[in-house]
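Below: the structure, in structure tokens.
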Protein chains: 2
Amino acid sequence: MSATILLVEDEERLARFIELELTSEGYSISVAHDGFTGLTMARESPPDLLILDWMMPGMTGLEVCRRLRATGSKVPVILLTAKDEVSDRVAGLDAGADDYVVKPFSIEELLARVRAHLRRNHEDNPDLLQFDDLTLNRSSREVHRSGRSIELTAKEFELLDYLISHPRQVITRDQILEKVWGYDFMGDSNIIEVYVRYLRLKLEENQEKRLIQTVRGVGYVLRE
Amino acid sequence: MSATILLVEDEERLARFIELELTSEGYSISVAHDGFTGLTMARESPPDLLILDWMMPGMTGLEVCRRLRATGSKVPVILLTAKDEVSDRVAGLDAGADDYVVKPFSIEELLARVRAHLRRNHEDNPDLLQFDDLTLNRSSREVHRSGRSIELTAKEFELLDYLISHPRQVITRDQILEKVWGYDFMGDSNIIEVYVRYLRLKLEENQEKRLIQTVRGVGYVLRE
DNA sequence: GTGCTGGCTCAAAAGCTGCTGAGGGTTTGG
DNA sequence: CCAAACCCTCAGCAGCTTTTGAGCCAGCAC
């Protein structure tokens, strides 16, 4: 699933140009040509990233940004501005923008910043998850460790998916039960231990170092 | 508790200037004058924000950034660079930097970026608790003192977590029992003393100064 | 100094946790 | 229908964590 970007830019030619470039990078773009429309669109279907022109007739980009932040939105915002004065930059960042690009800019620079901000935010739900020499592909449901392919059952896959999407974070038994088994276990069951064991057997088939660590009294964590 | 910033900059005069400015804004700054030292410091006591000069003899700022990211660090990084070419900016952002400031810059601009990144980070990472040279990370359940990692059992961790989340506040025995053991103890038990001792042994392994102070007749307090 | 109280230290006992191997019920696919 | 794969349970055990108790020490009142 590709990232969605909302571009708010009143100059039609520039907007069209940016739209084409971003589209050809595989993003899914919507465009608004004034601040008010942009704000409405951002509220109605929040994009993964917002690119705002600063100077626009009517509501400025800065104002759009401030209003969004005021209602708790955390979408990353990149401001486009012709202004190159320090006081303006400061105002933009303090108003809650995450970044700005000064016009005229090279499209490469804008793309790099888009990548940087999306990486931060979109890290929440990518399809290809990696940790150390381990990779898990959600769409093909394949798992590899240092090159070789590993066959997992459904439950094993779900468990590893959960762990690898929270690397270096300790996950409690309760969280695992809730997420992978989806119910509160009555009485006691050692089902988690059993599945962790299955995973370890498969992931460490060839004396590779242990990635799933036990945190006694709490749960498990993916850590080198 | 003020945010900690690590500045890595080989030009001594510039480093000194930035340090003074940031200090007067209320941040707590450490400075390294080369990349290797900076990397080590960043690993040993992770700051809330890292400011890296790009061009340095030995290890460049870009390299420091890449290495930190490779080990999973998510600390926000601002690059300082004299280079103003697009390809360089792109490389920096793609290497995992969050932002860069082009020299010569106005101090106001740097400050605004520092504020922007700290604001963002403090929102999504309230799990890292610090006191003096001690850090406790709730999500990874890791504890460090002046760089070295410390292994704690579940109860030890809970106790330290409680103390470190009320720094310089005296905590009574009853509060500790209630919070960590979760019940009113019948009769007497010296369990708190025992666990405080365990913690002290582990936290002061190398003759470091005592952080957990006894308040006779009342309880304990985390204090320098 | 003496006695008292609260805290510290040490080590052993008790209690748990997580790991393991085996096995049984259930579903899937040929 | 049968076999294989899968999901889950159980019980034993080893090792770690937690708790207990007894003795000791430090600070304080007298």
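Just so it is clear, the values below take in all heavy atoms, side chains as well, and ignore hydrogens, waters and symmetry mates. None of these values were measured; they are calculated from a predicted model.
Less than 4.0 Å separates DNA chain D from at least one heavy atom of each of the following residues of residues 149-156 of chain A: A:T153, A:A154, A:K155.
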Check residues 6-22 of chain B and write down every donor-acceptor pair under 3.5 Å in which the side-chain atom is one partner and the other belongs to a residue at least two apart or another chain.
| residue | atom | partner | partner atom | Å |
| --- | --- | --- | --- | --- |
| B:E9 | OE2 | B:E11 | N | 2.9 |
| B:R16 | NH1 | B:E19 | OE1 | 3.2 |

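With respect to the salt-bridge test (charged N to carboxylate O, under 4.0 angstrom), the residues A:E193 and A:R173 qualify. With respect to the salt-bridge test (charged N to carboxylate O, under 4.0 angstrom), the residues A:K209 and A:E224 do not qualify. Salt bridge A:R145/A:E205: absent, no basic N to carboxylate O contact under 4.0 Å. Looking at B:R115 and B:D99, no side-chain N of the basic residue comes within less than 4.0 Å of a carboxylate O on the acidic one, giving no salt bridge.
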- Going 5' to 3' through nucleotides 11-30 of chain C, assign each nucleotide B (protein heavy atom under 4.0 Å from a base atom), S (under 4.0 Å only from sugar-phosphate atoms) or - (no protein heavy atom that close). ------BBSBB---------
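Sorted by first then second residue, the ring pair (Phe, Tyr, Trp, His ring centres under 6.0 Å) pairs that include residues 141-162 of chain A, not counting sequence neighbours, are A:Y162-A:H166. Applying the ring pair (Phe, Tyr, Trp, His ring centres under 6.0 Å) test to every pair with at least one member in residues 189-224 of chain A, sequence neighbours left out, gives these pairs: A:W181-A:Y195, A:Y195-A:Y198.
Residue B:I191 contributes atom CD1, which lies 18 Å from atom P of C:dC10 at whole-angstrom precision. Atom pair A:I192:CD1 and D:dT9:P shows a separation of 11 Å (rounding to whole Å applied). In this structure, A:Y195 places its OH atom 7 Å from C1' of D:dC8, rounding to the nearest Å. Between the C1' atom of D:dC7 and the NZ atom of A:K202 lies a distance of 12 Å, rounded to the nearest Å.
The side-chain heavy atoms of B:L80 and B:M55, taken from C-beta on, include no pair separated by under 4.5 Å. Side-chain contact between A:V196 and A:I176 is absent, with no heavy-atom pair separated by less than 4.5 Å.
Side-chain atoms of A:T135 do not come within 3.5 Å of backbone N or O of A:Q130 as any donor-acceptor pair.
Atom CZ of A:R168 sits in a crowded spot, with more than 12 heavy atoms from other residues, nucleotides or ligands closer than 6.0 Å.
Distances shown here put a side-chain N or O of A:W181 below 4.0 Å from the OP1 or OP2 atom of D:dC8.
Between its opening and closing five pairs, the helix from C:dG1-D:dC30 to C:dG30-D:dC1 changes axis direction by 30°, a value rounded to 10 degrees.
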